[in-house]
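Proteins come first, then strands; the chains are lettered A, B, ... in the order of their sequence lines, and each starts at number 1.
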Protein chains: 2
Amino acid sequence: MGDQPVIDPTGPRLVYVQVADHIQGRIRSGDLALGSRLSAERDLAREYGVAYDTIRRATALLRERGLIETVHGRGTFVVAVPPDNGD
Amino acid sequence: MGDQPVIDPTGPRLVYVQVADHIQGRIRSGDLALGSRLSAERDLAREYGVAYDTIRRATALLRERGLIETVHGRGTFVVAVPPDNGD
DNA sequence: CTATATTTGTGCGTATGTATG
DNA sequence: ACATACATACGCACAAATATA
């Protein structure tokens with residue numbers, strides 16, 4: 001992921017929305033399977049090259065979309081797969 | 001260590017880098033021998049007078065430098081000694 | 001096998017400072 | 001003035017892995 005930056009800070013779309021959409025794409029594609037755990041939030045921040053604050057916003061968005069659930073002390077897990085026309 | 005503070009929060013160098021460099025110096029000097037275990041992360045935080053988060057950053061840096069390895073539930077161990085001109 | 005203690009892993013909330021649009 | 005975004009730093013709570021009694 002690091003070689004092909006997925007996030008464009010200069011683009012019109014908000015960075016945290018870009019991150020959320022990208023994670024959603026990984027869930028839809030099966031890269032992040034149902035029930036699997038996402039990387040730790042601080043690790044996601046490093047992987048995407050964004051700030052921790054931005055990851056918090058992105059996961060909050062995915063939680064609102066019902067795709068993930070977060071358990072204090074355990075991590076964040078995929079609980080639903082969006083339909084192909086989910087965007 | 002407590003009487004002579006090693007860390008300067010007001011200095012130009014980042015706190016977690018100061019901590020990492022100081023631990024690296026202890027490894028280089030033999031104070032922390034090859035294979036030995038570091039203090040628990042939360043104890044290190046107390047000893048250095050910094051936050052746990054800062055210790056996590058410092059150890060992450062030393063892990064990247066290949067000097068230490070961490071095992072969940074066991075601790076953090078010295079796996080390499082930097083050369084004298086390592087800085 | 002159960003229970004406890006130790007240690008790391010993770011998340012949650014907050015604060016400060018800088019920079020940009 | 002305001003929102004977004006980045007980076008660092010602090011403190012706390014809950015969970016998991018490991019070792020030992």
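One can place CD1 of A:Ile55 at 14 Å from C1' of D:dA7, the figure rounded to the nearest angstrom.
Counting any heavy atom pair closer than 4.0 Å across all strands shown, A:Arg46 reaches no nucleic acid atom.
A 6.0 Å sphere centred on CD of B:Glu69 holds no more than 12 heavy atoms belonging to other residues, nucleotides or ligands. More than 12 heavy atoms of other residues, nucleotides or ligands sit less than 6.0 Å from atom CZ of A:Arg65.
Contact footprint of chain A on DNA chain C: nucleotides with an atom under 4.0 Å from a non-hydrogen protein atom, first to last in 5' to 3' order, C:dG9 to C:dG13.
Heavy-atom minimum distance, B:Tyr16 versus B:Thr54: CB-O, 3.5 Å. Contact between A:Val81 and A:Arg28 at its shortest, heavy atoms only, is CG1-CA, 4.1 Å. Nearest heavy atoms, A:Phe77 versus A:Gly35: CD2-O, 3.9 Å. Shortest non-hydrogen contact noted between A:Val19 and A:Ala58 is CG1-CB, 3.7 Å.
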side-chain hydrogen bond (donor to acceptor under 3.5 Å, both in side chains) between B:Arg63 and B:Thr70: does it pass, once the steps are laid out?
CA-CA 8 Å; B:Arg63 254 188 307 277; B:Thr70 300; 2.6 Å; yes

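Using the Watson-Crick or G-U wobble rule with both distances under 3.5 Å, D:dA1 pairs with nothing in any strand shown.
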Letter by letter from the 5' end, nucleotides 9-19 of chain D scores (B base, S sugar-phosphate only, - none; protein heavy atoms under 4.0 Å) BB--BBSBBSS

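Atom CD1 of B:Ile27 sits about 7.5 Å away from atom OG of B:Ser36, to the nearest 0.5 Å.
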